[in-house]
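Single-structure report; data block below.
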Amino acid sequence: CRQLRHVDLFDTHNVVSTERMFEECSNLVDTPLFDTYSVTNASYMFHGCISLTSVPAFDLSNTTTMEHMFYYCTSLTNIPTLDASNVTNMSHAFSHDPIQTIPVINTGNVTNMDRVFYGCGLTSISQMDVSSVTDATQMFAGCEYVNSGILDMYNTLSNLQTVPTH
């Protein structure tokens, strides 16, 4: 997969797991808008895709885990608005990405945000519903430029079992 630069559209209509589908495809630059409606597990889908510059607005409305989904995508500078309304695990989802702004993401059911933005390039973040989060370990650690929206979010972290650090 390391030589893969572009992916042609193929039928993913019945796919329920995209776990590790493109993991470590270090030369992958872009991907078409796959039918991801049935996907419940998107863990590590683009983990280590260091040449990936953008992704389409995947339908993640039935996805429950996107752990490490975009981890270490060091060329990914923005992401589209994502429907993560059923996601419970976003651990490390955007860690080590140079994304500067996170659009509105429906995170009302997420319980695990462990290191979700660890070491990222964020400068601001939209308000997210973090009322269900129980693990926010190092949620923004290493994000030295984030300044907008974090304190408001921390004030709504009422179910925490682990304390976030920044």
Side-chain angles (χ1 to χ4, degrees), residues 1-122 124-136 139-140 143 149 153:
C1 152
R2 294 194 195 281
Q3 301 307 317
L4 185 65
R5 291 187 48 76
H6 303 282
V7 178
D8 293 329
L9 187 61
F10 57 94
D11 184 10
T12 55
H13 177 75
N14 292 316
V15 174
V16 294
S17 177
T18 56
E19 183 176 9
R20 301 182 190 275
M21 183 179 263
F22 300 107
E23 183 179 31
E24 300 295 333
C25 291
S26 56
N27 287 308
L28 183 65
V29 176
D30 58 24
T31 179
L33 180 58
F34 295 113
D35 178 354
T36 53
Y37 178 77
S38 298
V39 173
T40 58
N41 183 355
S43 299
Y44 297 84
M45 185 175 181
F46 296 104
H47 180 255
C49 292
I50 60 174
S51 298
L52 189 66
T53 58
S54 66
V55 292
F58 292 117
D59 180 353
L60 302 176
S61 60
N62 289 309
T63 303
T64 56
T65 182
M66 53 186 287
E67 175 183 12
H68 288 82
M69 185 174 182
F70 300 106
Y71 179 91
Y72 210 71
C73 292
T74 57
S75 296
L76 189 61
T77 56
N78 63 50
I79 59 166
T81 298
L82 300 171
D83 178 358
S85 56
N86 285 309
V87 172
T88 57
N89 185 352
M90 288 183 85
S91 174
H92 294 84
F94 304 103
S95 290
H96 301 289
D97 296 345
I99 298 167
Q100 293 183 344
T101 303
I102 296 290
V104 175
I105 299 175
N106 183 341
T107 55
N109 288 315
V110 177
T111 57
N112 186 350
M113 287 191 140
D114 172 28
R115 295 172 181 86
V116 67
F117 301 112
Y118 184 91
C120 65
L122 286 176
S124 67
I125 188 164
S126 299
Q127 185 64 30
M128 291 191 298
D129 179 355
V130 291
S131 60
S132 298
V133 173
T134 57
D135 186 351
M139 188 172 172
F140 295 102
C143 296
M153 265 193 287

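Just the heavy atoms: all of them, side chains too, but no hydrogens, waters or symmetry mates, feed the values below.
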Taking [X] for the side chain and [Y] for the main chain, is one N or O donor matched with an acceptor at less than 3.5 Å?
| X | Y | result |
| --- | --- | --- |
| Thr36 | Asp59 | yes |
| Thr111 | Thr88 | yes |
| Asp8 | Phe10 | no |
| Thr53 | Ser75 | no |
| Asp97 | Cys73 | yes |
| Thr40 | Val16 | yes |
| Asn62 | Tyr37 | yes |
| Asn109 | Ser85 | yes |
| Thr65 | Asn41 | no |

Using 30° and 60° as the class boundaries, would you call the ring planes of His96 and Tyr118 parallel, tilted or perpendicular?
perpendicular

Test side chain to side chain contact (heavy atoms under 4.5 Å, CB included) applied to Tyr44 and Tyr71, step by step
CA-CA 7 Å; Tyr44 297 84; Tyr71 179 91; over 6 Å; no

Are His47 and Tyr72 an aromatic pair, judged by ring center distance below 6.0 Å?
no

Output the distance between atom NE2 (His92) and atom CZ (Arg115), rounded to the nearest 0.5 Å.
5.0 Å

Out of curiosity, Gln100 CD to Thr77 OG1, how far, rounded to the nearest 0.5 Å?
7.5 Å

Least distance between heavy atoms, Arg2 atom then Glu24 atom:
NH1-O, 3.4 Å

Tell me the closest heavy-atom pair linking Thr107 and Met90, and the distance in Å.
CG2-SD, 3.8 Å

Run through Val87, Asn89, Asp114 and flag the one making a side-chain contact (heavy atoms from CB on, under 4.5 Å) with Glu67.
Asn89

Counting heavy atoms not belonging to His13, are there more than 12 under 6.0 Å from its NE2?
no

